[in-house]
Structure formats: C-alpha cells, structure tokens
Amino acid sequence: MPPNQMPPNPTPLETVEAMLSAYGSQTDSWPAEAQAALQGLLEAEPKAAALFAREKSLDDWLDARLPDPSPQLMESVLANLETQIKASPAEIVNLALNPQSGPHSGPQPGLKSGPQSGPKSNWQKSTLGASLTALAACFMAGFIVGPLVFETLTGAGDPLASLEIISTVFLPTEPL
Amino acid sequence: MYGHTLGEHLVASQTDDELLAAIGRGDQAAGAEIVRRHLGYVLHICNRKLGNRAEAEEAAQDVFASVWKNAGSWQSGQAKVTTWLFRVASNRCIDILRRRRPTANLDEISEPSDPSANAEEELQIADRDRIIRAALDTLTPDQKQAIELVYYKDLKQREAAEGMGLSVAALESILRRARAKLHQTLAAQRDPLEMI
C-alpha cells in the first residue's frame, strides 16, 4: 500500500470477524457500532452467523472452567498432606494403637479391601507399631519377672543374691 | 524419606492413578497436582450440595484428608478418581447435613431423585473443567494472561491492555492467537455435555 494511502474502512463483516476472533461472543464489551453490525449481519450473512456460533462454542468451553478455590483453602489442604507425610514415629505408634482414629470414608470404589488407611498404608504402620509395643512389653516383663523366678528357685532373700547363686551354679568357673 | 518424588516438572503429565500411587509413597508434588486438578471440582460438588461456601470448604478439606489417607490403597483401573472423589464428597456432605439437621431423615437429605444421573452430570462437569484447564495450559504466558484478564476477570480492553503494558491492538492480536490455539486444541475434544 502506498504510504500516503489510508487503509479502506473495514466492511461490517470484517469488523465483526475481528471482534469475534479477539473477544468471542460476549458482545457486551464490544464498541456500539460493532454490536450493531453484528445484529444486522446475524440474519443476513450466514458467514457471520457461523463465526458467531463457532466463538460461542469456545466461550461455552471457557465457561466450563470451575472457579478456582481460594489460596487459603489450597494451603490448608496441602498442609494437611504435609502433616500426613511427615507424621512423627510417635504419631505412627499412636495410629497403630488407635487404628480407628481419624476420618473414615467407608468402602470406596477403586480402594483395595482389607486393612487400610494412611499414605503408604497405615496398616503397615500399625503392624510395625504393634510389633514394637509387643517387643517392649516382653523386655519389661523379663526384667521384672526374671529375678523373682530366680529368687523363688534359689530361696535367696533378694533378687541380687539369687542371681549370684545362679551364676555360681550354672556358669563355668574354669576358662573354656 | 518416603520413596522417590516425581518432581514438579513431571507430575503434570501423570494420570490421576499414577499421582495417587505417588501420594501413597509420600510424594508431596503429586499431592499438589491432585489438588490443582480436583480441588475446584470437589469444592463445586460440596457447594452445590451444601449451599454454603464455608461448610463446602470444610467438607473439601475432609475429602482430601481422606484422599491422603487412602491413596496408598488405591487400585488403578477399578474406578475413575473423579468418581471416587464424587462419592467421598457426597458422603461427607450428607454427614454435614445430618449434623446441621440431626432430626432429618436420610431421604430428605439425599436430594437427587436419580443419584446416578446426578453423578454422571457432575462427572461431566469435572471432565469439562479438566479439559479446558488442560487447553489453557497449552497457551503461552501472555496469551493465558490475556484470556484471564479479558474473559475471566471481565476487564475492559483498555484496562487489560494497560495491565499487561500493551496497546489495545497488541492485546487483540494476542487474544486472537490465544482463541485460535484454543479452537485447535479443543477441536479434538467431544463435548461431554453433548452426550447427555
């Protein structure tokens, strides 16, 4: 185009095409003359109607995006996940001892049946916790009951004396 | 340390099933991606059932607490994650409605006359949300910002252009490219609502 020549005024169809392709079918924000051009063209010009329908279908898709949750809610939900993942050993043992604690959603599609809950299965945590608890209980019972049994067997007056008698009788005195 | 993490750059390409498996191994990035994909949907369900934003947010938090707890037990292929989320969210909302009206009976609370049709419609809403978000993610940052400002924030052309430091003509050019790209991306999608 020669530099001194002004571009020709766009036709109403060109105006409508330009507005539709940029702003879609929501005509409220269009300039008044473009809105008027569209109204005149929708019935008279099949191409304008087709363009409008095409952009309207895209706007329907854009409308289908659900509203974003608030950042606070996102943070809260993710903080809960972080807490679950970083559960301390004490919390895991507590979970093992109280497997019914915490929200329960009941049987759900897609979930494995059997013992379950928690990331990486709280069932595994509960088994570990129960085993550790049982081991600790056995250890403590040995400490308490053992000397009393020896005391009864040897007839000694106190647990330490009974241990001395046991060691004298049963342990070798000569080097092996 | 629980297992390996997928890394934020990888999670976006993972399926929901793969993300749940990763969450089961303690992967926080996978958890963040599941939240990004589905929190809006869960909130939408709870909002529709409860009609109260604060209670809906409380219910949505409970739903995701259940997701974190049960992710390690998820069996891929048995059901869609969105189906599970819908059911957990529905049950949680019923619990909240019961708490709100302890004397009401369950029939009064579960409002849909045809729950399966209701669930189907909600799942299609979730599908459309997922599809349009994925399509928007294909745009360049300036295209996405232009769509956000003009379409979702409903700014006037001049305000949006000023917000982006552009002329109105430049903004319109970006919007045209953005809409053309969205047309191209969405052309392959069959609108789930057309299947009703």
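Lettering follows sequence order; numbering is per chain, from 1.
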Undergrad: Quick check on A:D59 against chain B: is it the side chain, the backbone, both or neither that has a heavy atom closer than 4.5 Å?
TA: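 Answer is both: backbone and side chain atoms of A:D59 are under 4.5 Å from chain B.
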
Undergrad: If we define contacts as heavy-atom pairs under 4.5 Å, which of A:L78, A:N80, A:L58 has the most with chain B?
TA: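 Most pairs with chain B among the choices: A:L58.
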
Undergrad: Just give me the residue among A:E55, A:Q26, A:M74 that pairs up with chain B most often, heavy atom to heavy atom, under 4.5 Å.
TA: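 The option with the most such pairs is A:E55.
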
Undergrad: Of the backbone (N, CA, C, O) and the side chain (C-beta and beyond), which part of B:L39 lies under 4.5 Å from a heavy atom of chain A, both, or neither?
TA: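 Answer is both: backbone and side chain atoms of B:L39 are under 4.5 Å from chain A.
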
Undergrad: Could you give me the CA-CA distance, side-chain angles and deciding distance for B:Y152 and A:D63, then say whether side chain to side chain donor-acceptor pair (under 3.5 Å) is met?
TA: CA-CA 9 Å; B:Y152 290 112; A:D63 286 341; over 6 Å; no

Undergrad: Which atoms of A:P67 come close to chain B, meaning under 4.5 Å heavy atom to heavy atom: side chain ones, backbone ones, both, or neither?
TA: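 When you check distances to chain B, only backbone atoms of A:P67 fall under 4.5 Å.
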
Undergrad: Which of the residues B:L20, B:V35, B:I174 is involved in the greatest number of heavy-atom pairs with chain A at under 4.5 angstrom?
TA: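 Option with the top pair count is B:V35.
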
Undergrad: Which pair of non-hydrogen atoms, one from A:L73 and one from B:Q61, has the smallest distance, and what is that distance?
TA: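 That would be CD1-CG, 3.5 Å.
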
Undergrad: For B:L136, is it the side chain, the backbone, both or neither that has a heavy atom under 4.5 Å from a heavy atom of chain A?
TA: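 It is the side chain, since no backbone atom gets that close.
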
Undergrad: So which part of A:Q72 gets closer than 4.5 Å to some heavy atom of chain B, the side chain, the backbone, both or neither?
TA: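 No part of A:Q72 comes within 4.5 Å of chain B.
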
Undergrad: Which residues in residues 11-19 of chain A have any heavy atom closer than 4.5 Å to a heavy atom of chain B?
TA: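 Within residues 11-19 of chain A, the residues that come under 4.5 Å of chain B (heavy atoms only) are A:A18, A:M19.
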
Undergrad: Run the side chain to side chain donor-acceptor pair (under 3.5 Å) check on B:R177 and B:S173 step by step: do they pass?
TA: CA-CA 6 Å; B:R177 286 199 297 273; B:S173 175; 3.0 Å; yes

Undergrad: Heavy-atom pairs under 4.5 Å with chain A are the metric here; pick the option from B:R133, B:R92, B:E172 that has the most.
TA: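 Most heavy-atom pairs under 4.5 Å with chain A: B:R133.
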
Undergrad: Side chain, backbone, both or neither: which part of B:Y41 has a heavy atom under 4.5 Å from chain A?
TA: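 The answer is both parts of B:Y41.
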
Undergrad: Less than 4.5 Å apart, any side-chain heavy atom of B:R37 and any of B:R130?
TA: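 No, their side chains stay 4.5 Å or more apart.
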
Undergrad: Could you tell me whether the side chains of B:D16 and B:H38 share a donor-acceptor contact shorter than 3.5 Å?
TA: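 Note: B:D16 and B:H38 side chains meet the donor-acceptor criterion.
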
Undergrad: Taking C-beta and beyond as the side chain, do A:V77 and B:V63 meet within less than 4.5 Å on heavy atoms?
TA: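 Not in contact.
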
Undergrad: Strictly below 4.0 Å, N to O, side chains only: are B:R36 and B:D137 in salt-bridge contact?
TA: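 A salt bridge links B:R36 with B:D137.
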
Undergrad: Check the pair B:T140 / B:D142 against side chain to side chain donor-acceptor pair (under 3.5 Å), numbers first and verdict last.
TA: CA-CA 6 Å; B:T140 62; B:D142 61 342; 2.5 Å; yes

Undergrad: Kindly write out the residues that satisfy side-chain hydrogen bond (donor to acceptor under 3.5 Å, both in side chains) with B:R158, not counting sequence neighbours, or none if the list is empty.
TA: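 side-chain hydrogen bond (donor to acceptor under 3.5 Å, both in side chains) list for B:R158, sorted by chain: empty.
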
Undergrad: State, yes or no, whether a side-chain contact exists between B:I125 and B:F86 at a heavy-atom distance under 4.5 Å.
TA: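 Of all side-chain heavy-atom pairs linking B:F86 with B:I125, none is under 4.5 Å.
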
Undergrad: What I want to find out is whether B:K144 reaches B:E148 closely enough, with some N-O distance under 4.0 Å, to be called a salt bridge.
TA: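 Salt bridge absent between B:K144 and B:E148.
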
Undergrad: If you count heavy-atom pairs within less than 4.5 Å of chain B, which of A:S57, A:S76, A:A64, A:S70 leads?
TA: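 If we count pairs closer than 4.5 Å to chain B, A:A64 comes out on top.
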
